[in-house]
**Student:** 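This structure is in C-alpha coordinates; I'll ask about it shortly.
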Amino acid sequence: MSHPIALIDCNNFYASCERVFNPKLVGVPIVVLSNNDGMIIARSQEAKDLGIAMGEPLFKIQDKIKKHGVAVFSSNYTLYGDMSQRVMTILESFCPDVEIYSIDEAFLNLHGFEREDLTEYGRKIKNTIKKWTGMPVTVGIAETKTLAKIANRLGKKSQKAGGVLNLYNSRFRNTALKRTDVEDIWGVGRQYGKLLRKHGINSAYELSLANDSWIKKRMTVMGMRTVYELRGTPCIKLEYSPPPKKAIVSSRSFGKLTNSYEDVSQAVANYVTRAAVKLRKQRSAARILSVFLRTNPFKNEMPQYHNGVMVELPVPTDSTAELLEYATKGLVQIFKPEYKYHKAGVMLTGIIPYDRSQYAMFDSENRNRMKEVTEVMDSINERFGKETMFYASLGIKREWGMRREMKSPNYTTNWKELPIVSAKEIWKYMQETEK
DNA sequence: TCTGGGGTCCTAGGACCC
DNA sequence: TCTGGGGTCCTAGGACCC
(Lines give C-alpha, C1' and ligand atoms only; values in the text may rest on other atoms or scores of the structure.)
Protein backbone atom coordinates (compact mmCIF):
# COMPACT_ATOMS: atom_id res chain seq x y z
CA MET A 1 0.00 0.00 0.00
CA SER A 2 1.44 3.33 -0.90
CA HIS A 3 1.53 6.02 1.69
CA PRO A 4 0.23 9.57 1.39
CA ILE A 5 2.37 12.31 -0.13
CA ALA A 6 1.51 15.96 0.31
CA LEU A 7 2.56 18.79 -1.97
CA ILE A 8 2.59 22.20 -0.34
CA ASP A 9 2.79 25.02 -2.86
CA CYS A 10 2.81 28.73 -2.05
CA ASN A 11 0.16 30.66 -3.91
CA ASN A 12 1.62 33.17 -6.37
CA PHE A 13 4.81 33.04 -4.35
CA TYR A 14 6.80 36.10 -5.47
CA ALA A 15 3.74 38.32 -5.59
CA SER A 16 2.67 37.07 -2.16
CA CYS A 17 6.14 37.82 -0.73
CA GLU A 18 5.79 41.44 -1.81
CA ARG A 19 2.30 41.61 -0.34
CA VAL A 20 3.20 40.08 3.01
CA PHE A 21 5.42 43.06 3.80
CA ASN A 22 3.15 45.69 2.34
CA PRO A 23 -0.45 45.44 3.55
CA LYS A 24 -1.50 48.28 1.26
CA LEU A 25 -1.24 45.76 -1.54
CA VAL A 26 -4.12 43.60 -0.33
CA GLY A 27 -6.56 43.31 -3.21
CA VAL A 28 -4.19 45.14 -5.57
CA PRO A 29 -2.93 43.38 -8.70
CA ILE A 30 0.83 42.72 -8.43
CA VAL A 31 3.39 41.67 -11.01
CA VAL A 32 7.04 40.78 -10.48
CA LEU A 33 9.58 41.28 -13.25
CA SER A 34 12.50 39.25 -14.55
CA ASN A 35 16.06 40.50 -14.23
CA ASN A 36 16.54 43.78 -16.07
CA ASP A 37 12.85 44.47 -15.50
CA GLY A 38 12.15 42.87 -18.86
CA MET A 39 9.13 40.64 -18.54
CA ILE A 40 6.53 39.29 -16.17
CA ILE A 41 7.61 36.25 -14.17
CA ALA A 42 4.99 36.26 -11.42
CA ARG A 43 1.49 37.61 -10.92
CA SER A 44 -0.98 37.88 -8.09
CA GLN A 45 -4.44 36.45 -8.63
CA GLU A 46 -5.78 39.93 -9.41
CA ALA A 47 -3.13 40.38 -12.10
CA LYS A 48 -3.95 36.97 -13.60
CA ASP A 49 -7.60 37.99 -13.67
CA LEU A 50 -6.64 41.05 -15.72
CA GLY A 51 -5.33 38.68 -18.37
CA ILE A 52 -1.65 39.49 -17.80
CA ALA A 53 0.30 36.48 -19.06
CA MET A 54 3.44 34.85 -17.78
CA GLY A 55 6.46 35.87 -19.80
CA GLU A 56 4.82 38.92 -21.27
CA PRO A 57 7.24 41.81 -21.90
CA LEU A 58 6.55 44.71 -19.60
CA PHE A 59 6.42 47.31 -22.37
CA LYS A 60 3.55 45.53 -24.04
CA ILE A 61 1.23 45.88 -21.06
CA GLN A 62 2.12 49.36 -19.85
CA ASP A 63 -1.38 50.61 -20.67
CA LYS A 64 -3.04 47.89 -18.67
CA ILE A 65 -0.75 48.58 -15.74
CA LYS A 66 -1.63 52.25 -15.64
CA LYS A 67 -5.29 51.68 -16.18
CA HIS A 68 -5.70 49.15 -13.37
CA GLY A 69 -3.13 50.46 -10.96
CA VAL A 70 -1.00 47.32 -11.07
CA ALA A 71 1.87 47.31 -8.56
CA VAL A 72 5.10 46.43 -10.35
CA PHE A 73 8.22 45.02 -8.66
CA SER A 74 11.70 44.11 -9.83
CA SER A 75 12.51 40.64 -8.57
CA ASN A 76 14.04 40.53 -5.10
CA TYR A 77 15.50 37.07 -4.67
CA THR A 78 17.04 37.87 -1.32
CA LEU A 79 13.56 38.45 0.04
CA TYR A 80 12.00 35.45 -1.69
CA GLY A 81 14.77 33.12 -0.57
CA ASP A 82 14.36 34.18 3.00
CA MET A 83 10.58 33.79 2.97
CA SER A 84 11.03 30.38 1.44
CA GLN A 85 13.27 29.32 4.31
CA ARG A 86 10.71 30.40 6.85
CA VAL A 87 7.99 28.36 5.18
CA MET A 88 10.21 25.28 4.81
CA THR A 89 11.24 25.42 8.46
CA ILE A 90 7.60 25.30 9.50
CA LEU A 91 6.98 22.32 7.21
CA GLU A 92 9.85 20.46 8.82
CA SER A 93 8.16 20.86 12.17
CA PHE A 94 5.12 19.02 10.80
CA CYS A 95 6.89 16.12 9.15
CA PRO A 96 10.44 14.76 9.31
CA ASP A 97 10.61 13.80 5.64
CA VAL A 98 10.45 16.93 3.55
CA GLU A 99 11.72 17.34 0.02
CA ILE A 100 12.23 20.99 -0.79
CA TYR A 101 11.37 20.80 -4.44
CA SER A 102 11.71 24.44 -5.42
CA ILE A 103 11.73 27.86 -3.85
CA ASP A 104 7.97 27.71 -3.30
CA GLU A 105 7.11 24.00 -3.16
CA ALA A 106 7.79 21.00 -0.96
CA PHE A 107 6.72 17.38 -0.88
CA LEU A 108 5.99 15.75 2.47
CA ASN A 109 6.17 12.02 2.96
CA LEU A 110 3.22 11.38 5.27
CA HIS A 111 4.19 7.80 5.95
CA GLY A 112 2.71 6.86 9.29
CA PHE A 113 0.01 9.51 9.09
CA GLU A 114 -2.42 7.17 7.29
CA ARG A 115 -4.69 6.88 10.27
CA GLU A 116 -4.92 10.60 10.85
CA ASP A 117 -7.48 12.78 9.18
CA LEU A 118 -5.18 13.91 6.39
CA THR A 119 -7.43 16.71 5.28
CA GLU A 120 -7.46 18.06 8.79
CA TYR A 121 -3.68 17.79 9.02
CA GLY A 122 -3.30 19.61 5.72
CA ARG A 123 -5.52 22.36 7.00
CA LYS A 124 -3.41 22.68 10.13
CA ILE A 125 -0.25 23.03 8.03
CA LYS A 126 -1.83 25.63 5.82
CA ASN A 127 -3.19 27.68 8.71
CA THR A 128 0.06 27.61 10.64
CA ILE A 129 2.07 28.86 7.68
CA LYS A 130 -0.43 31.62 7.09
CA LYS A 131 -0.43 32.65 10.70
CA TRP A 132 3.34 32.63 11.21
CA THR A 133 4.54 34.00 7.88
CA GLY A 134 1.52 35.51 6.13
CA MET A 135 2.11 33.25 3.15
CA PRO A 136 -0.97 31.63 1.57
CA VAL A 137 -0.38 28.03 0.51
CA THR A 138 -2.33 25.15 -0.99
CA VAL A 139 -1.99 21.52 0.09
CA GLY A 140 -2.59 18.57 -2.21
CA ILE A 141 -2.47 14.99 -0.92
CA ALA A 142 -2.38 11.71 -2.86
CA GLU A 143 -0.56 8.42 -3.40
CA THR A 144 2.15 9.70 -5.75
CA LYS A 145 3.97 12.92 -6.45
CA THR A 146 2.24 13.34 -9.78
CA LEU A 147 -1.19 12.84 -8.22
CA ALA A 148 -0.29 15.20 -5.35
CA LYS A 149 0.55 17.81 -7.98
CA ILE A 150 -2.86 17.31 -9.53
CA ALA A 151 -4.57 17.50 -6.15
CA ASN A 152 -2.73 20.71 -5.41
CA ARG A 153 -3.66 22.25 -8.72
CA LEU A 154 -7.35 21.43 -8.35
CA GLY A 155 -7.20 22.56 -4.74
CA LYS A 156 -6.09 25.98 -5.91
CA LYS A 157 -8.97 26.25 -8.35
CA SER A 158 -11.70 24.99 -6.07
CA GLN A 159 -13.44 27.38 -3.69
CA LYS A 160 -14.92 24.46 -1.82
CA ALA A 161 -11.55 22.85 -1.08
CA GLY A 162 -10.49 25.85 0.95
CA GLY A 163 -6.84 25.33 0.07
CA VAL A 164 -6.60 21.63 0.93
CA LEU A 165 -7.49 18.80 -1.43
CA ASN A 166 -7.01 15.24 -0.30
CA LEU A 167 -7.20 12.60 -3.02
CA TYR A 168 -5.55 9.84 -1.00
CA ASN A 169 -7.64 6.67 -1.25
CA SER A 170 -10.35 8.84 -2.70
CA ARG A 171 -13.14 7.72 -4.97
CA PHE A 172 -12.82 11.08 -6.68
CA ARG A 173 -9.46 10.32 -8.23
CA ASN A 174 -10.84 9.60 -11.68
CA THR A 175 -12.99 12.69 -11.54
CA ALA A 176 -9.88 14.71 -10.73
CA LEU A 177 -7.99 13.10 -13.60
CA LYS A 178 -10.84 13.84 -15.98
CA ARG A 179 -10.74 17.48 -14.94
CA THR A 180 -7.01 17.81 -15.70
CA ASP A 181 -5.88 18.62 -19.23
CA VAL A 182 -2.89 16.59 -20.43
CA GLU A 183 -0.55 19.54 -20.64
CA ASP A 184 -1.28 20.42 -17.04
CA ILE A 185 0.22 17.17 -15.82
CA TRP A 186 3.63 17.33 -14.14
CA GLY A 187 6.05 15.91 -16.70
CA VAL A 188 3.95 16.70 -19.76
CA GLY A 189 4.99 19.92 -21.42
CA ARG A 190 4.04 21.69 -24.63
CA GLN A 191 5.59 19.22 -27.06
CA TYR A 192 4.25 16.06 -25.47
CA GLY A 193 0.92 17.77 -24.91
CA LYS A 194 0.63 18.37 -28.63
CA LEU A 195 1.64 14.81 -29.44
CA LEU A 196 -0.85 13.31 -27.02
CA ARG A 197 -3.74 15.42 -28.19
CA LYS A 198 -2.96 14.48 -31.77
CA HIS A 199 -3.50 10.88 -30.71
CA GLY A 200 -6.75 11.58 -28.93
CA ILE A 201 -5.36 11.75 -25.39
CA ASN A 202 -6.75 14.94 -23.93
CA SER A 203 -7.02 14.46 -20.18
CA ALA A 204 -4.99 12.95 -17.38
CA TYR A 205 -7.63 10.27 -17.17
CA GLU A 206 -7.11 9.30 -20.81
CA LEU A 207 -3.35 9.30 -20.31
CA SER A 208 -3.72 6.95 -17.35
CA LEU A 209 -5.39 4.46 -19.71
CA ALA A 210 -2.79 4.80 -22.47
CA ASN A 211 -0.88 1.89 -23.98
CA ASP A 212 2.38 1.31 -22.13
CA SER A 213 4.66 0.43 -25.04
CA TRP A 214 3.37 3.28 -27.16
CA ILE A 215 4.05 5.72 -24.32
CA LYS A 216 7.51 4.32 -23.75
CA LYS A 217 8.36 4.61 -27.42
CA ARG A 218 7.10 8.16 -27.81
CA MET A 219 7.82 9.64 -24.38
CA THR A 220 10.73 7.53 -23.10
CA VAL A 221 10.77 5.98 -19.66
CA MET A 222 9.99 9.40 -18.18
CA GLY A 223 6.57 9.34 -19.79
CA MET A 224 6.06 5.80 -18.60
CA ARG A 225 6.74 6.87 -15.03
CA THR A 226 4.20 9.64 -15.30
CA VAL A 227 1.56 7.19 -16.50
CA TYR A 228 2.23 4.79 -13.64
CA GLU A 229 2.07 7.63 -11.17
CA LEU A 230 -1.30 8.70 -12.56
CA ARG A 231 -2.49 5.15 -11.89
CA GLY A 232 -1.38 5.46 -8.27
CA THR A 233 1.89 3.52 -8.43
CA PRO A 234 4.75 5.62 -7.06
CA CYS A 235 7.75 5.74 -9.41
CA ILE A 236 9.35 9.04 -8.45
CA LYS A 237 10.99 8.95 -5.06
CA LEU A 238 11.26 11.82 -2.67
CA GLU A 239 14.73 13.35 -2.30
CA TYR A 240 15.28 14.53 1.23
CA SER A 241 18.76 15.95 0.85
CA PRO A 242 19.56 17.46 -2.49
CA PRO A 243 22.38 15.70 -4.38
CA PRO A 244 25.24 18.01 -5.35
CA LYS A 245 24.76 19.82 -8.62
CA LYS A 246 26.36 18.31 -11.71
CA ALA A 247 26.44 21.64 -13.45
CA ILE A 248 26.58 25.15 -12.07
CA VAL A 249 25.58 27.99 -14.34
CA SER A 250 25.76 31.70 -13.80
CA SER A 251 24.62 33.99 -16.55
CA ARG A 252 22.78 37.26 -17.01
CA SER A 253 21.66 39.65 -19.64
CA PHE A 254 23.35 43.03 -19.41
CA GLY A 255 21.50 46.18 -18.49
CA LYS A 256 22.52 47.59 -21.86
CA LEU A 257 24.13 46.30 -25.03
CA THR A 258 27.89 46.59 -25.06
CA ASN A 259 30.81 45.83 -27.32
CA SER A 260 33.41 46.74 -24.74
CA TYR A 261 35.78 43.94 -23.80
CA GLU A 262 36.18 45.54 -20.41
CA ASP A 263 32.42 45.32 -19.72
CA VAL A 264 32.09 41.75 -20.90
CA SER A 265 35.15 40.52 -19.06
CA GLN A 266 33.99 42.19 -15.83
CA ALA A 267 30.61 40.55 -16.25
CA VAL A 268 32.19 37.15 -16.85
CA ALA A 269 34.41 37.64 -13.80
CA ASN A 270 31.29 38.32 -11.73
CA TYR A 271 29.58 35.18 -12.99
CA VAL A 272 32.67 33.09 -12.30
CA THR A 273 32.78 34.41 -8.76
CA ARG A 274 29.14 33.50 -8.13
CA ALA A 275 29.52 30.07 -9.66
CA ALA A 276 32.65 29.38 -7.60
CA VAL A 277 30.84 30.29 -4.39
CA LYS A 278 28.10 27.80 -5.24
CA LEU A 279 30.73 25.22 -6.08
CA ARG A 280 32.46 25.60 -2.71
CA LYS A 281 29.17 25.63 -0.85
CA GLN A 282 28.50 22.10 -2.02
CA ARG A 283 32.15 21.11 -1.42
CA SER A 284 32.92 20.27 -5.02
CA ALA A 285 35.61 21.01 -7.54
CA ALA A 286 35.14 21.49 -11.29
CA ARG A 287 37.21 20.17 -14.15
CA ILE A 288 35.60 22.12 -16.97
CA LEU A 289 34.69 25.76 -17.29
CA SER A 290 32.65 27.02 -20.22
CA VAL A 291 32.24 30.64 -21.19
CA PHE A 292 29.58 31.82 -23.58
CA LEU A 293 28.27 35.10 -24.91
CA ARG A 294 25.64 36.28 -27.34
CA THR A 295 24.10 39.27 -29.03
CA ASN A 296 20.41 40.07 -28.59
CA PRO A 297 18.44 37.59 -30.69
CA PHE A 298 15.37 39.83 -30.61
CA LYS A 299 17.17 42.54 -32.52
CA ASN A 300 16.95 41.08 -35.99
CA GLU A 301 18.30 44.20 -37.58
CA MET A 302 21.63 43.88 -35.78
CA PRO A 303 24.36 41.41 -36.73
CA GLN A 304 24.02 38.26 -34.63
CA TYR A 305 26.71 36.19 -33.01
CA HIS A 306 26.80 33.59 -30.31
CA ASN A 307 29.60 31.39 -29.29
CA GLY A 308 30.94 29.38 -26.39
CA VAL A 309 34.16 27.70 -25.43
CA MET A 310 34.99 24.87 -23.06
CA VAL A 311 38.19 25.15 -21.09
CA GLU A 312 39.55 22.01 -19.49
CA LEU A 313 41.44 22.74 -16.28
CA PRO A 314 44.72 21.00 -15.52
CA VAL A 315 43.32 19.82 -12.18
CA PRO A 316 39.80 20.16 -10.80
CA THR A 317 39.59 23.31 -8.70
CA ASP A 318 37.22 25.35 -6.58
CA SER A 319 39.38 28.45 -6.47
CA THR A 320 37.86 31.69 -7.68
CA ALA A 321 41.27 33.06 -8.60
CA GLU A 322 42.13 30.07 -10.72
CA LEU A 323 38.75 29.90 -12.40
CA LEU A 324 38.98 33.62 -13.19
CA GLU A 325 42.28 33.04 -14.95
CA TYR A 326 40.91 30.32 -17.21
CA ALA A 327 37.68 32.21 -17.85
CA THR A 328 39.70 35.06 -19.27
CA LYS A 329 41.61 32.66 -21.50
CA GLY A 330 38.30 31.34 -22.77
CA LEU A 331 36.73 34.72 -23.27
CA VAL A 332 39.52 36.12 -25.45
CA GLN A 333 39.00 33.19 -27.80
CA ILE A 334 35.39 34.03 -28.53
CA PHE A 335 35.10 37.77 -27.97
CA LYS A 336 34.77 39.81 -31.15
CA PRO A 337 34.66 43.58 -30.77
CA GLU A 338 32.46 44.09 -33.82
CA TYR A 339 29.31 42.85 -32.07
CA LYS A 340 27.06 44.36 -29.43
CA TYR A 341 26.62 41.84 -26.65
CA HIS A 342 23.44 41.22 -24.70
CA LYS A 343 24.29 38.32 -22.48
CA ALA A 344 27.19 36.23 -21.24
CA GLY A 345 27.63 33.41 -18.80
CA VAL A 346 29.79 30.67 -17.43
CA MET A 347 29.12 27.04 -16.66
CA LEU A 348 31.08 24.69 -14.42
CA THR A 349 30.91 20.98 -15.25
CA GLY A 350 32.97 17.88 -14.68
CA ILE A 351 32.09 18.39 -11.05
CA ILE A 352 33.50 16.02 -8.43
CA PRO A 353 33.59 16.05 -4.62
CA TYR A 354 36.37 18.36 -3.51
CA ASP A 355 38.12 15.80 -1.36
CA ARG A 356 38.44 13.43 -4.30
CA SER A 357 40.03 16.07 -6.50
CA GLN A 358 43.64 15.64 -7.57
CA TYR A 359 44.16 18.88 -5.88
CA ALA A 360 44.06 17.31 -2.47
CA MET A 361 46.73 14.81 -3.46
CA PHE A 362 49.19 16.97 -5.32
CA ASP A 363 48.81 20.03 -3.22
CA SER A 364 51.57 22.53 -3.61
CA GLU A 365 52.44 25.40 -1.32
CA ASN A 366 50.88 27.71 -3.84
CA ARG A 367 47.51 26.01 -3.82
CA ASN A 368 47.42 25.96 -0.07
CA ARG A 369 47.96 29.70 0.01
CA MET A 370 45.25 30.16 -2.59
CA LYS A 371 42.87 28.08 -0.54
CA GLU A 372 43.51 30.12 2.57
CA VAL A 373 42.79 33.35 0.73
CA THR A 374 39.54 31.92 -0.61
CA GLU A 375 38.42 30.71 2.78
CA VAL A 376 39.03 34.06 4.40
CA MET A 377 37.16 35.88 1.65
CA ASP A 378 34.20 33.51 1.84
CA SER A 379 34.00 33.87 5.56
CA ILE A 380 34.16 37.66 5.50
CA ASN A 381 31.54 37.84 2.76
CA GLU A 382 29.33 35.48 4.69
CA ARG A 383 29.60 37.61 7.79
CA PHE A 384 29.45 41.14 6.38
CA GLY A 385 27.46 40.69 3.18
CA LYS A 386 28.01 39.31 -0.27
CA GLU A 387 30.54 41.68 -1.74
CA THR A 388 32.52 43.00 1.16
CA MET A 389 35.64 41.64 -0.53
CA PHE A 390 35.99 40.88 -4.21
CA TYR A 391 38.62 40.66 -6.94
CA ALA A 392 39.28 43.93 -8.74
CA SER A 393 38.56 42.29 -12.09
CA LEU A 394 34.86 42.31 -11.22
CA GLY A 395 34.85 46.08 -11.65
CA ILE A 396 33.53 48.84 -9.44
CA LYS A 397 31.01 50.75 -11.52
CA ARG A 398 29.69 47.84 -13.55
CA GLU A 399 27.93 49.83 -16.19
CA TRP A 400 26.70 46.65 -17.85
CA GLY A 401 24.86 45.70 -14.64
CA MET A 402 21.21 44.86 -14.49
CA ARG A 403 18.31 47.23 -14.19
CA ARG A 404 16.16 46.78 -11.13
CA GLU A 405 14.35 50.00 -10.83
CA MET A 406 11.34 48.82 -8.86
CA LYS A 407 12.86 46.62 -6.21
CA SER A 408 11.22 46.46 -2.79
CA PRO A 409 13.41 46.84 0.31
CA ASN A 410 15.03 43.67 1.63
CA TYR A 411 12.58 43.53 4.52
CA THR A 412 13.91 40.35 6.04
CA THR A 413 17.66 40.83 5.71
CA ASN A 414 18.30 44.53 5.96
CA TRP A 415 21.11 44.00 8.40
CA LYS A 416 23.11 42.54 5.57
CA GLU A 417 22.88 45.72 3.61
CA LEU A 418 25.24 47.50 5.96
CA PRO A 419 26.84 50.59 4.46
CA ILE A 420 30.58 50.23 4.25
CA VAL A 421 32.44 47.85 6.45
CA SER A 422 35.60 49.35 7.86
CA ALA A 423 38.87 47.51 7.72
CA LYS A 424 38.89 47.71 11.49
CA GLU A 425 35.69 45.70 11.79
CA ILE A 426 37.01 43.04 9.46
CA TRP A 427 40.24 42.88 11.38
CA LYS A 428 38.37 42.45 14.62
CA TYR A 429 36.25 39.72 13.12
CA MET A 430 39.30 37.86 11.88
CA GLN A 431 40.95 38.05 15.28
CA GLU A 432 37.84 36.53 16.81
CA THR A 433 37.57 33.72 14.30
CA GLU A 434 41.23 32.84 14.65
CA LYS A 435 40.49 31.28 17.98
C1' DT B 1 13.63 51.97 -25.32
C1' DC B 2 11.79 47.49 -23.32
C1' DT B 3 11.63 39.70 -24.11
C1' DG B 4 14.97 35.64 -17.18
C1' DG B 5 17.91 32.29 -15.02
C1' DG B 6 19.15 27.71 -13.43
C1' DG B 7 18.64 23.08 -13.42
C1' DT B 8 17.50 17.61 -14.65
C1' DC B 9 17.14 13.37 -17.41
C1' DC B 10 17.08 10.53 -21.71
C1' DT B 11 18.39 9.14 -26.35
C1' DA B 12 20.83 8.81 -30.60
C1' DG B 13 24.94 8.80 -32.83
C1' DG B 14 29.92 9.06 -33.29
C1' DA B 15 34.56 7.68 -31.80
C1' DC B 16 37.15 4.19 -30.25
C1' DC B 17 38.40 -0.43 -28.52
C1' DC B 18 38.74 -5.54 -28.70
C1' DT C 1 41.40 -6.35 -48.73
C1' DC C 2 37.44 -7.34 -46.40
C1' DT C 3 34.20 -8.82 -42.93
C1' DG C 4 31.33 -8.93 -37.81
C1' DG C 5 29.72 -8.24 -33.38
C1' DG C 6 29.75 -6.07 -29.08
C1' DG C 7 30.98 -2.87 -25.67
C1' DT C 8 32.05 1.86 -23.53
C1' DC C 9 32.36 6.67 -23.30
C1' DC C 10 31.21 11.15 -24.69
C1' DT C 11 28.44 14.85 -26.68
C1' DA C 12 24.64 17.33 -28.62
C1' DG C 13 20.03 17.97 -28.72
C1' DG C 14 15.49 17.66 -27.06
C1' DA C 15 12.23 17.15 -23.63
C1' DC C 16 10.88 18.64 -19.03
C1' DC C 17 10.74 21.43 -14.38
C1' DC C 18 10.38 25.92 -11.42
Side-chain angles (χ1 to χ4, degrees), chain A residues 7 9-10 12-14 31-42 52-63 65 72 74-77 80-81 84 99-107 145-146 149 152-153 182-196 215-226 235-237 239 242-257 267 270-271 274-275 278-279 282 287-288 290 292 294-302 308 310 312 340 342-351 402-406:
Chain A
L7 174 67
D9 189 322
C10 300
N12 312 314
F13 182 59
Y14 295 171
V31 297
V32 177
L33 305 175
S34 61
N35 286 339
N36 284 318
D37 297 339
M39 65 183 206
I40 312 294
I41 57 163
I52 296 175
M54 193 80 166
E56 214 160 359
L58 178 60
F59 71 90
K60 282 192 183 165
I61 56 163
Q62 282 296 4
D63 291 350
I65 282 173
V72 180
S74 305
S75 39
N76 182 350
Y77 288 103
Y80 310 151
S84 174
E99 172 184 339
I100 298 174
Y101 177 67
S102 74
I103 193 163
D104 69 333
E105 280 173 70
F107 289 102
K145 283 180 157 184
T146 307
K149 277 270 192 185
N152 191 290
R153 207 174 150 278
V182 263
E183 48 281 289
D184 293 330
I185 302 167
W186 191 48
V188 178
R190 275 249 297 286
Q191 300 305 316
Y192 285 148
K194 244 194 272 172
L195 175 80
L196 291 168
I215 292 294
K216 184 153 184 226
K217 202 170 95 197
R218 306 301 292 266
M219 296 174 67
T220 81
V221 297
M222 305 287 279
M224 200 61 253
R225 262 174 231 166
T226 299
C235 295
I236 307 172
K237 287 221 173 72
E239 298 246 25
K245 305 245 178 291
K246 297 169 180 173
I248 293 174
V249 178
S250 175
S251 76
R252 293 259 178 303
S253 317
F254 306 143
K256 60 172 189 142
L257 294 179
N270 277 271
Y271 308 148
R274 300 167 62 95
K278 289 189 207 166
L279 188 66
Q282 67 169 27
R287 188 170 44 85
I288 296 166
S290 308
F292 54 90
R294 69 173 316 136
T295 51
N296 188 343
F298 290 100
K299 298 211 174 243
N300 314 326
E301 72 284 3
M302 298 178 76
M310 279 174 63
E312 188 146 355
K340 292 271 200 181
H342 168 247
K343 181 175 183 173
V346 301
M347 175 158 61
L348 302 177
T349 49
I351 290 178
M402 57 175 186
R403 296 185 300 274
R404 289 169 98 190
E405 280 159 18
M406 292 153 277

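We name chains A, B, ... by the order of the sequence lines, and we start the count at 1 in each one. The shown structure was predicted, so the numbers you read here are calculated from the model rather than taken from an experiment.
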**Student:** Rounded to whole Å, how long is the line connecting atom CG of A:Leu33 with atom P of B:dG4?
**Tutor:** 12 Å
**Student:** So, does A:Lys343 get its side chain near the phosphate of B:dG5, meaning an N or O under 4.0 Å from OP1 or OP2?
**Tutor:** yes
**Student:** Which of the following nucleotides, B:dT11, B:dG4, B:dC9, is nearest to the side chain of A:Lys246?
**Tutor:** B:dC9
**Student:** Side chain to side chain contact (heavy atoms under 4.5 Å, CB included) between A:Ile351 and A:Lys246: does it pass, once the steps are laid out?
**Tutor:** CA-CA 6 Å; A:Ile351 290 178; A:Lys246 297 169 180 173; 5.8 Å; no
**Student:** Rounded off to whole Å, could you give me the CD1-to-C1' distance for the A:Ile41 and C:dC17 pair?
**Tutor:** 15 Å
**Student:** Does a side-chain N or O from A:Lys256 land closer than 4.0 Å to OP1 or OP2 of B:dC2, or not?
**Tutor:** no
**Student:** Return the nearest nucleotide to the side chain of A:Met222; candidates are B:dG6, C:dC18, B:dC9.
**Tutor:** B:dC9
**Student:** In whole angstrom, what separates A:Asn36's CG from B:dC2's P?
**Tutor:** 11 Å
**Student:** Step by step, would you call A:Met219 with A:Thr226 a side chain to side chain contact (heavy atoms under 4.5 Å, CB included)?
**Tutor:** CA-CA 10 Å; A:Met219 296 174 67; A:Thr226 299; 5.9 Å; no
**Student:** Applying a 3.5 Å limit to both distances, which nucleotide forms a Watson-Crick or G-U wobble pair with B:dC18?
**Tutor:** C:dG5
**Student:** In this structure, how many angstroms lie between the P atom of C:dA15 and the CD atom of A:Glu183, rounded?
**Tutor:** 16 Å
**Student:** How close or far is atom C1' of C:dC10 from atom CD of A:Glu312, stated in whole angstroms?
**Tutor:** 12 Å
**Student:** I'd like to know if the side chain of A:Gln282 reaches the main chain of A:Lys245, judged simply by a donor and an acceptor atom lying under 3.5 Å from each other, with no hydrogens or angles considered.
**Tutor:** yes
**Student:** Can you measure A:Tyr80 atom OH to B:dG5 atom P for me and round it to whole angstrom units?
**Tutor:** 15 Å
**Student:** Nearest to the side chain of A:Lys245 - C:dC16, B:dC10, B:dG7?
**Tutor:** B:dG7
**Student:** Side chain of A:Ser34: nearest nucleotide among C:dC18, B:dG4, B:dC10?
**Tutor:** B:dG4
**Student:** According to a strict under-4.0 Å criterion, is A:Arg218 in side-chain N/O contact with OP1 or OP2 of C:dA15?
**Tutor:** no
**Student:** A:Phe59 has an atom CZ; how far is it from atom P of B:dT1, in whole Å?
**Tutor:** 10 Å
